[in-house]
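Shown next, in structure tokens, is the structure this report addresses.
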Amino acid sequence: ETGVTQSPTHLIKTRGQQVTLRCSSQSGHNTVSWYQQALGQGPQFIFQYYREEENGRGNFPPRFSGLQFPNYSSELNVNALELDDSALYLCASSLDGVGAFFGQGTRLTVV
Amino acid sequence: GQQLNQSPQSMFIQEGEDVSMNCTSSSIFNTWLWYKQDPGEGPVLLIALYKAGELTSNGRLTAQFGITRKDSFLNISASIPSDVGIYFCAHNSGGSNYKLTFGKGTLLTVNP
């Protein structure tokens with residue numbers, strides 16, 4: 001186990017709704033990255049947070065946003081959900097951005 | 001963006017057989033990483049490679065960083081049922097900060 005926990009493990013949302021996913025990083029880790037993994041694909045980098053600041057972003061629209069808290073836990077928010085947002089969302093934590101220890105993911109289904 | 005081409009897409013083998021999978025890119029990389037993902041879990045790092053020509057083992061797993069810096073392979077010897085899963089190659093595009101680009105994965109099935 002990596003010590004990275006994500007919640008919830010599964011959820012179902014309706015198109016147009018908003019969703020918040022949560023990640024608790026491994027103890028001592030100050031960097032959190034979020035990835036989207038569509039069915040049959042490898043994970044795709046969404047963005048990274050380092051010491052509460054966004055530190056790099058992948059090719060995702062602004063309706064994907066995030067936060068990192070003083071305890072280094074993080075949230076991923078997605079507004080105006082689309083059917084294609086259905087995926088496994090993975091959080092990875094590390095110390096100073098070195099390495100990536102993944103949580104078990106949140107399976108989001110948009111109907 | 002950078003694309004990692006991973007092959008084969010899937011493999012079905014008998015327990016005890018050796019397995020080889022590879023990953024290629026049109027760009028030169030400074031790192032190659034190999035991850036395994038079990039069903040319902042996040043990826044777990046198996047082997048990290050940082051230098052062209054580097055050959056690294058982790059138990060029954062061996063991976064090499066190609067001399068051209070555009071490819072890498074992963075070998076699994078004497079496969080066992082728990083080797084089942086999806087194997088991903090990945091590249092760190094973020095320098096000192098890990099911002100990973102993954103291939104599409106190789107699905108490995110091991111028949112006991």
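Note on naming: letters A, B, ... go to the chains in the order of the sequence lines (proteins, then strands), and numbering restarts at 1 for each one. Since we're looking at a predicted model, the values are computed, not measured.
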- Measure A:Tyr35 against the heavy atoms of chain B and call it side chain, backbone, both or neither at under 4.5 Å.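 The side chain, not the backbone.
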- Query: What part of A:Ser94 lies closer than 4.5 angstrom to a heavy atom of chain B: side chain, backbone, both or neither?
  - Reply: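 The answer is neither part of A:Ser94.
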- Cluster question for you: counting only ILVMFWY and a side-chain heavy-atom cut-off of under 4.5 Å, with indirect links fine, are A:Tyr89 and B:Phe102 together?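 No, no single cluster joins them.
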- Query: Can you get from A:Val32 to A:Phe102 by hopping between Ile, Leu, Val, Met, Phe, Trp and Tyr side chains that sit under 4.5 Å apart?
  - Reply: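 Per the 4.5 Å side-chain linkage, A:Val32 and A:Phe102 are not co-clustered.
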- What class does the angle between the rings of A:Phe101 and A:His29 fall in, given that below 30° is parallel, 30 to 60° is tilted and above 60° is perpendicular?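 Plane angle between 30° and 60°, so tilted.
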- What residues of residues 6-13 of chain B sit under 4.5 Å from chain A when only non-hydrogen atoms are counted? none
- Query: Which members of residues 40-65 of chain B, sorted by number, sit under 4.5 angstrom from chain A on a heavy-atom basis?
  - Reply: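 Expected list: B:Gly40, B:Glu41, B:Gly42, B:Pro43.
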- Item | A:Gln37 and B:Gln37: side chain donor to acceptor below 3.5 Å |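 Present: a donor and an acceptor within the cut-off.
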- Residues B:Ser77, B:Asp18; criterion side-chain hydrogen bond (donor to acceptor under 3.5 Å, both in side chains); working and verdict: CA-CA 4 Å; B:Ser77 62; B:Asp18 298 343; 5.0 Å; no
- Would A:Tyr72 and A:Tyr49 count as a close aromatic pair, with their ring centres under 6.0 Å? no
- Message: Per the disulfide bond (SG atoms under 2.5 Å apart) rule, what does the pair list look like for residues 63-111 of chain A, sequence neighbours excluded?
- Response: A:Cys23-A:Cys91
- Enumerate by number any residue of residues 8-17 of chain A whose heavy atoms lie under 4.5 Å from heavy atoms of chain B; in the absence of such residues, state 'none'.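 Contacts with chain B: none.
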- Message: Quick check for you: to the nearest 0.5 Å, what is the distance between B:Phe88 atom CZ and B:Lys36 atom NZ?
- Response: 12.0 Å
